[in-house]
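What follows is a single structure, written as structure tokens, with notes after it.
What you see below is based on every heavy atom in this structure, not just the backbone, and it leaves out hydrogens, waters and symmetry mates. Not measured: the values here are computed from a predicted model.
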Amino acid sequence: MLTSIHNLMRPPPGMGFDFSQPAGEPALAPPDGVSWRVFANPVSLFIGGAAAVLLELAEPSVRSGVWDHSDFQRDPGKRLKRTGFAAMMTVYGPRSATEKLIARVVRMHGHVEGSTPDGLAYRANDPRLLDWVHATATFGFTEAYHRYVRPFSANEQDAAFLEALPSARLYGATGAPASRAEWETLLATTAPRLEGSEILADFVRIMSGAAILPAPMRWLQQLLMRAAVQMTPEPVRSLPQLRGRGLRRGEATLVRMLARAAMLQPMKEAPPAQAARRLAAQGAPEN
């Protein structure tokens, strides 16, 4: 069961990458930081990533950019693997390769623009939208680990936002929050623009039923989606498309058991293990 979830951490076809090379090259995130712990847990990553997308799809401009310019509806599994690989690179990848990857994504996003159904123009590289996307991702991954794996102290939560800043700035999110308090402020100022839509309902349906995990594990996929809804902050959690879709009685305990069990089954060739070997190579510089 957990092996199926661990497989989500593998790069998608055609994007294989050896995180163990080049020997000694540091990553954007410090190896002794919070991010290296957070991104090593596939259960909380699935939950946190889904919660982040729920928040993103509640913002009209981000929603149109994501839904109109991606292949998520056609192949959600492939899309999730590509996005997950990019996230792994920002935490574990050698800095030079990560910077090249981000620069390539920024160039691609330069062609993504359009208008929302209400006629509001948007462009993917708008710093305001990038700030929201990167803030929701940092919140989602960190909060999922905090709730379902091990509680973080206030200082650790702040550290997670600080550690995300180097990659956020490379993407163009120049105003991404640097602390949990700054995230709360951004959420409060963005809340009046957040809204429900059929796309939000479609995302929940796709993530609950698509062939992301093997068919016998579809119940687990649905459970993790309910955990994502449960941790999504207001006002999004109470939107009509999400109301009543959170965890049922007793399920939070089950999710915690699964998330903690995932830590007992490490993958020797997963990005965290490969990156640790890279930094442990003789002569590795301090980050």
Side-chain angles (χ1 to χ4, degrees), residues 1-11 19 27 29-55 77 80-81 83-85 87-88 90-92 136-161 163-164 180 183 204 207-208 212-233 237 245-277:
M1 177 174 64
L2 290 175
T3 299
S4 298
I5 301 177
H6 274 293
N7 286 336
L8 294 175
M9 299 176 70
R10 298 185 184 279
F19 286 79
D32 58 348
V34 173
S35 301
W36 274 54
R37 282 179 274 158
V38 167
F39 279 74
N41 190 295
V43 173
S44 61
L45 280 184
F46 187 103
I47 297 170
V53 176
L54 291 173
L55 288 166
L80 288 173
K81 277 183 169 287
T83 303
F85 172 71
M88 287 288 172
T90 64
V91 175
Y92 301 114
T136 56
T138 303
F139 164 79
F141 294 134
T142 306
E143 182 70 10
Y145 193 99
H146 172 72
R147 287 197 181 205
Y148 302 118
V149 183
R150 185 186 70 79
F152 280 134
S153 67
N155 287 340
E156 287 174 318
Q157 293 187 51
D158 287 345
F161 284 93
E163 291 167 17
R180 175 70 184 229
W183 153 250
V204 174
M207 288 293 291
S208 298
I212 297 170
L213 296 178
M217 296 292 101
R218 209 56 48 79
W219 68 269
L220 175 58
Q221 193 171 308
Q222 294 163 2
L223 172 67
L224 299 185
M225 273 306 300
R226 291 197 294 275
V229 172
Q230 186 69 37
M231 58 162 274
T232 301
R237 189 173 65 249
R245 292 179 176 267
L247 290 171
R248 301 160 188 167
R249 180 174 298 180
E251 287 187 335
T253 299
L254 176 57
V255 173
R256 292 188 190 100
M257 290 174 59
L258 291 167
R260 291 168 184 173
M263 303 302 292
L264 303 177
Q265 188 183 352
M267 291 179 62
K268 293 182 179 179
E269 295 307 315
Q274 289 185 349
R277 293 200 299 270

(request) Measure across A50 and M225 and return the closest heavy-atom pair with its distance rounded to 0.1 Å. (result) CB-SD, 3.6 Å

(message) A side-chain contact here means heavy atoms from C-beta on lying under 4.5 Å apart; do P233 and F139 qualify?
(response) yes

(request) Please work out which of the three classes, parallel, tilted or perpendicular, describes the rings of Y92 and W36, given edges at 30° and 60°. (result) perpendicular

(message) Suppose we screen for side chain to side chain donor-acceptor pair (under 3.5 Å). Which residues come up paired with S35, at least two apart in sequence or across chains?
(response) E163

(message) For a quick test of reading the model, state the closest non-hydrogen atom pair linking V91 to A29 and the distance between them.
(response) O-CB, 3.7 Å

(message) So does L80 get a backbone contact from the side chain of T83, meaning a donor-acceptor N/O pair under 3.5 Å?
(response) no

(request) Could you tell me which non-hydrogen atom of P151 sits nearest to which non-hydrogen atom of E156, and how far apart they are? (result) O-OE1, 4.2 Å

(message) Holding to side chain to side chain donor-acceptor pair (under 3.5 Å), I want the full list of residues that pass it with R237, two or more places apart in sequence or in another chain.
(response) E234

(request) Describe, in one word, how the ring planes of F85 and F19 are oriented to each other, choosing from parallel (under 30°), tilted (30 to 60°) and perpendicular (over 60°). (result) perpendicular

(request) Over all heavy atoms of both residues, which pair between M263 and N41 is shortest? Give the atoms and the distance, please. (result) SD-ND2, 2.9 Å

(message) Testing the basics here: between M207 and I212, what is the closest heavy-atom pair and its distance to 0.1 Å?
(response) SD-CD1, 3.8 Å

(request) Determine, stepwise, if the pair M231 / L54 fulfils side chain to side chain contact (heavy atoms under 4.5 Å, CB included). (result) CA-CA 11 Å; M231 58 162 274; L54 291 173; over 6 Å; no

(message) If I take atom CD1 from residue I47 and atom CG from residue L223, how far apart are they, to the nearest 0.5 angstrom?
(response) 7.5 Å

(request) State the CD-CZ distance between E269 and R277, to the nearest 0.5 angstrom. (result) 4.5 Å

(message) With a 4.5 Å cut-off on side-chain heavy atoms, are L247 and V229 touching?
(response) no

(message) Restricting to non-hydrogen atoms, name the atom on V204 and the atom on R245 that form the minimum distance, rounded to 0.1 Å.
(response) CG1-NH1, 3.7 Å

(message) Once side chain to side chain donor-acceptor pair (under 3.5 Å) is applied, what residue pairs with a partner in residues 137-148 remain, sequence neighbours excluded?
(response) E143-R147, E143-R180

